Structures are given as C-alpha cells and as structure tokens.
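For the single chain, residues carry numbers from 1 onward in sequence order. In this text the structure is predicted, and so the values were computed from the model without any measurement.
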Amino acid sequence: ASTSSRCSSARTGGIRTASAFCEYGALEGVASTLAITPRLELTTFLSLARRDASLSDTNTWVYGISNTGYHRTANEIEKKDQLHEQLYGFNLHYQRTHLNIGLTATHTQFDKTIIPHEYIYNGHYFSGKQNSNLGLDFAMRRHNLICFGEMALSGRHERLSADSTFLPLAALAGAQFSPSSNHLISACIYYYPPSYQNHHASSPGQNDRCQNEQGISLRFQGALPNNI
C-alpha cells in the first residue's frame, strides 16, 4: 500500500526526485512516463540500488535490511551497501476531473538471500531473494470531500494450517473533509495481514513495516486563533 502515511489524502503520483532527508528506500535508476491518451499515462521504472544489511558469517546471505541510513559506529559501517536491490515495474494512471485510478506492479530481486533470525516477533518477516507486488488505488473528490482507497497483493503466500492458505492482500479506505482552508478532518481504516510483504510501502499504521496490523486512523487539523 502506498497511500499517504498520515492518511490525509490519496498519494501524489508521478516521478519525483528523492529528498535529501530520505535515509532509506530511495530508488536509483531511470523512469519514463508515456501519455497514452489525454487521461491515461503509463510510467515505467527501473532501480538498481544498494541497501544496508547485516551479513552472515559466510558473507553469502543476510539477516535483514537496515533502514536507519546511519553509518556512525563500526557496526553500522559494516552493514553499509552489503545488499544489491533491483526493482522494476510500472504504474498505469487514469485521471478525470474528480477521479484518479492507478494500477501499480513491481518486482524486487536481491543479490543475496535474506534469512532473518528465528525469533517469535519476526516470524512473518520477509525471507528469500525476490518479491512481487500488485496494487490498485483510487481517489474521488466531491467539493471539499475526498474519498480514497487501495488494495495491494504481494507474491509471497504463507500457509497457516495444513488445509488453508492465507492470502497476502492488504487494503485501506478513508475520507478527508476540509470544511475550510484552515481545518481538516480525515479518517482511515486499514488491514495488513501477517503474510503481506512490501519493502517500499508507505501507509498509515504504528509499525515501520506494512504488515501484521489493522486499525483505524483519525486526524483533525486546525489553525489556532491569532491571539494565542
């Protein structure tokens, strides 16, 4: 899922340069956008980036990806650029005056296998060398009201029992209302199953990963009076 992490509106589309404050997750590569029709655009992209990771003793696989972006201590420096990530995909974007619909597909490939430590809390963490994601999002505007939502599917399935398979389908839906230029009210409900995997998701929630969480997010924003 990739809707705004504050759940205030639908995501901002298009190709953008990485922020200098982005410590982790910025893509490094090429992208292009083709206007198929006045309302339909196709964006394709390819990223070849290096990620910080904790290497095994044999240097043949990694325990996990480090997303802090810091290289201050000897331990942090040792993790620097230990994993190569290749990511490619496309986004098909349809836009009308009051409606936006997007379809996004990505595939991620690592040069080393990720095998996390076996702890109870990380039993659902990603393991392997590759992952695919497919997402469908929309946003509708009517006067001061915006309704938005997204569904996303990852390519890794997790078997919960001998005769059932848990589908890694994440979803969210929400609305934003602006009664005036100084006030904003938004609400969002979201569900991320334990088996959902996406290394570049940015969604509402309490965890740093879009996984194993469900909840409701409420937000109110308003300007204070001038005499305060």
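Contact check for Phe177 versus His183: no side-chain heavy atoms found under the 4.5 Å cut-off. Using a 4.5 Å heavy-atom cutoff, the side chains of Ile65 and Phe126 are not in contact. A 4.5 Å side-chain heavy-atom check between Thr44 and Leu34 finds every atom pair outside the cut-off. By the 4.5 Å heavy-atom criterion applied to side chains, Ser186 and Leu218 are not counted as neighbours. Gln214 places none of its side-chain heavy atoms less than 4.5 Å from the side chain of Ile189. The shortest distance between side-chain heavy atoms of Leu87 and Phe45 falls below 4.5 Å. Contact annotation: the side chain of Arg142 never approaches that of His98 to less than 4.5 Å [non-hydrogen atoms, C-beta and beyond]. Side-chain contact between Leu172 and Tyr192: present, with at least one pair of heavy atoms (C-beta onward) separated by less than 4.5 Å.
Scanning for side chain to side chain contact (heavy atoms under 4.5 Å, CB included) contacts around Glu78 gives Asn75, with sequence neighbours left out. Partners of Arg72 according to the salt bridge (charged side-chain N to carboxylate O under 4.0 Å, His left out) rule, which considers only residues two or more places apart in sequence or in another chain, are Glu76.
Gln86 CD to Phe110 CZ: the interatomic distance, rounded to the nearest 0.5 Å, is 11.0 Å. Put simply, CD on Glu85 and CG on Leu27 are 7.0 Å apart, with the number rounded to the nearest 0.5 Å. Taking CG of Leu103 as the reference point, atom CG of Leu136 lies at 6.0 Å (rounded to 0.5 Å). Interatomic distance, Glu150 CD to Asp137 CG, rounded to the nearest 0.5 Å: 5.0 Å. In this structure, the separation between NE2 on His71 and CG on Asp81 is 6.5 Å, given to the nearest 0.5 Å. A distance of 12.0 Å separates CZ in Arg141 from CG in Leu99, rounded to the nearest 0.5 Å.
Gln197 places a side-chain N or O within donor-acceptor distance of the main-chain N or O of His124, the cut-off being under 3.5 Å. Of the possible donor and acceptor atoms, none in the side chain of Lys112 sits under 3.5 Å from a partner among the backbone N and O of Leu55. Side chain of Asp52 to backbone of Asn67: no donor-acceptor contact under 3.5 angstrom is found. Between the Ser47 side chain and the Glu28 main chain, a donor and an acceptor come within less than 3.5 Å of each other.
Using cut-offs of 30° and 60° for the angle between ring planes, the Tyr88 and His107 rings count as tilted. Using a 30° and 60° split on the angle between ring planes, Tyr119 and His117 fall in the tilted class, from 30° to 60°. Ring geometry for Tyr63 against Trp61 counts as perpendicular: the plane angle is over 60°, on a 0 to 90° scale with 30° as the lower cut.
Heavy atoms only, all atoms of each residue included: Ala49 and Ala26 are closest at CB-O, 4.4 Å. Residue Leu153 comes nearest to Tyr196 through the heavy atom pair C-CE1, 4.0 Å, listed as atom of the first residue, atom of the second, then distance. A pairwise comparison of heavy atoms in Asn131 and Gly155 identifies OD1-N, 3.6 Å as the closest pair. In terms of heavy atoms, Ala53 sits closest to Val62 at CB-CG1, 3.9 Å. Listed here is the closest heavy atom pair of Ser56 and Thr60: OG-N, 3.5 Å. Residue Phe220 comes nearest to Ile185 through the heavy atom pair CD1-CG1, 3.6 Å, listed as atom of the first residue, atom of the second, then distance.
Placement of Leu42 and Tyr94 within a single hydrophobic cluster is found when ILVMFWY residues are connected by side-chain heavy-atom separations under 4.5 Å, directly or transitively. At a threshold of 4.5 Å between side-chain heavy atoms, the hydrophobic network of Ile, Leu, Val, Met, Phe, Trp and Tyr places Ile114 and Leu48 in two separate groups.
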* Go through the steps to decide whether Ile115 and Ser127 satisfy the test side-chain contact (heavy atoms from CB on, under 4.5 Å), and finish with yes or no. => CA-CA 5 Å; Ile115 306 176; Ser127 63; 5.6 Å; no

* Asked: side-chain contact (heavy atoms from CB on, under 4.5 Å) between Asn198 and Thr106: does it pass, once the steps are laid out?
  -> CA-CA 10 Å; Asn198 191 332; Thr106 64; 5.7 Å; no

* List the steps and the verdict of side-chain contact (heavy atoms from CB on, under 4.5 Å) for Arg50 and His84. => CA-CA 5 Å; Arg50 295 184 177 184; His84 290 222; 3.5 Å; yes

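A donor atom on one side chain and an acceptor atom on the other are found under 3.5 Å apart for Glu213 and Asn207. Side chain to side chain, Thr104 and Asn91 meet the donor-acceptor criterion of an N or O pair below 3.5 Å. Under the 3.5 Å distance criterion, with hydrogens and angles disregarded, no donor-acceptor pair is assigned to the side chains of Gln211 and Tyr125.
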